[in-house]
Amino acid sequence: MTAAVAVQHAEPDLEGASALEILQWASAHYGDRLTFATGFGAEGCVVIDLIARAGLRVDLFTLDTGVLFPETYALWKQLEARYGVTIRGVVPEQTIGVQELVHGPKLWERDSDRCCDLRKLRPLRAALAPFDAWITAIRREQTPERANARVLERDAKFGLVKVNPLVGWTHDDVWAHIYLHDVPYNALHDRGYPSIGCAPCTSPVAPGEDARAGRWRGSAKKECGLHSR
Ligand code: SF4
């Protein structure tokens, strides 16, 4: 059965399933051809918690752009220690130093799309190549672009199936799970950073601002392109 056919057959049953049931189905269906790419957001920590406590053998990786916050690197280690898992670091072809030599300093200030392409999209495409399906932690209410996301969908951009177990969760669902299960989360969330990406492109948000207002502040960019169609 091709991945596209599998999506059509499985999706009706999974739309009402719990996040854990979705992960269990994906793990059983795709086996070692399934991976989870986490950016260590609150949702990603929930997915790691669900995967680890259920004993699911799912490959885990993160895109280490080289300019993550120290708090994010600390959380990475904390999650590995807490759950006894390895979260692989996938790095860009160029270090920040080499990128500066080739493209000049602080590319993110001059051409953030180019920088995201070099430091996120290209490494992600290469990292996903060996897999048939990838888990994400996106939720429909996060952005207008994510409002129509489904539990299972064909990811034409990267050529595999996308599994979105938290797609129907609310912000409160995520934090209720974190507090109930004492899931480690990024310390920056308690300092006004609801959405956390690379340090140069993330700022805190003021009360009442959109949760992603601190991402690429001052530009129209709202997504790095990982989940756009
Ligand atoms: S979020 Fe900023 S620093 Fe990170 S890859 Fe994109 S432009 Fe570069």
Side-chain angles (χ1 to χ4, degrees), residues 35-45 47-48 60-79 87-129 131 134-139 142-146 149 155 157-159 162 164 166 174 185-206 209-229:
T35 188
F36 175 43
T38 180
F40 300 117
E43 291 83 358
C45 296
V47 172
I48 290 171
L60 309 171
F61 75 89
T62 192
L63 297 174
D64 182 1
T65 60
V67 281
L68 303 179
F69 284 97
E71 290 84 350
T72 305
Y73 286 110
L75 175 62
W76 182 351
K77 286 194 174 69
Q78 195 182 355
L79 287 163
I87 303 169
R88 295 185 295 116
V90 170
V91 297
E93 195 176 321
Q94 297 175 339
T95 63
I96 290 291
V98 173
Q99 180 171 295
E100 288 192 357
L101 287 174
V102 176
H103 299 281
K106 299 185 179 179
L107 180 60
W108 46 82
E109 288 183 358
R110 293 174 287 109
D111 189 347
S112 59
D113 284 345
R114 180 86 174 124
C115 187
C116 278
D117 182 55
L118 292 168
R119 311 206 73 72
K120 289 186 172 179
L121 289 168
R122 292 186 191 200
L124 178 62
R125 189 178 299 282
L128 292 179
F131 296 96
W134 69 307
I135 298 162
T136 86
I138 64 169
R139 296 185 294 109
Q142 284 171 318
T143 66
E145 292 79 13
R146 297 177 185 183
D155 187 338
K157 188 169 195 167
F158 295 108
K162 200 166 174 177
N164 304 317
L166 304 188
V174 172
Y185 64 88
N186 198 317
L188 291 173
H189 288 312
D190 293 333
R191 289 185 235 150
Y193 293 79
S195 177
I196 302 164
C198 294
C201 302
T202 307
S203 58
V205 304
E209 270 194 313
D210 181 82
R212 290 180 68 86
R215 305 289 298 275
W216 302 283
R217 190 179 283 282
S219 90
K221 186 177 171 77
K222 286 286 164 252
E223 295 263 4
C224 47
L226 270 53
H227 299 300
S228 54
R229 294 152 199 242

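Read the numbers this way: they start at 1 and go in the same order the structure lists the ligands and their atoms. Numbers here are sequence positions counted from 1. Note that these values count all heavy atoms, side chains included, but never hydrogens, waters or copies made by symmetry.
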>> Only heavy atoms of Lys120, strictly under 4.0 Å: list the atoms of ligand 1 that pass.
In response: 1 (S)
> Hey, is there an N, O or S on Cys115 sitting under 2.8 Å from atom 6 (Fe) of ligand 1?
Replying inline: no
> Minimum heavy-atom separation for Arg139 to Leu166, with atom names?
Replying inline: CG-O, 3.2 Å
> Just which atoms of ligand 1 are under 4.0 Å from any heavy atom in Cys198?
Replying inline: 1 (S), 3 (S), 4 (Fe)
> For ligand 1, which atoms, with element, lie under 4.0 Å from some heavy atom of Ser112?
Replying inline: 7 (S)
> What's the shortest distance from atom 6 (Fe) of ligand 1 to any protein heavy atom, and which residue and atom give it?
Replying inline: Cys116 SG, 2.3 Å
> How close do Asn186 and Leu75 get, heavy atom to heavy atom, and via which atoms?
Replying inline: N-CD2, 3.5 Å
> Above 12 or not: heavy atoms from other molecules or residues under 6.0 Å from CD of Glu93?
Replying inline: no
>> Give me the atom names and distance for the closest heavy-atom approach of Arg119 to Pro92.
In response: NH2-CG, 3.4 Å
>> If the cut-off is 4.0 Å to any non-hydrogen atom of Arg119, which atoms of ligand 1 fall inside it?
In response: 5 (S)
> If you count the atoms of ligand 1 from 1 in the order shown, which ones are under 4.0 Å from a heavy atom of Cys201?
Replying inline: 1 (S), 2 (Fe), 3 (S), 7 (S)
> Just one of Tyr193, Tyr73, Tyr185, Trp76 clears the ring pair (Phe, Tyr, Trp, His ring centres under 6.0 Å) bar with Phe40, so which one?
Replying inline: Trp76
> Should Leu118 and His103 be marked as a side-chain contact (heavy atoms from CB on, under 4.5 Å) after you check the CA-CA gap, both sets of side-chain angles, and the distance that decides it?
Replying inline: CA-CA 11 Å; Leu118 292 168; His103 299 281; 3.5 Å; yes
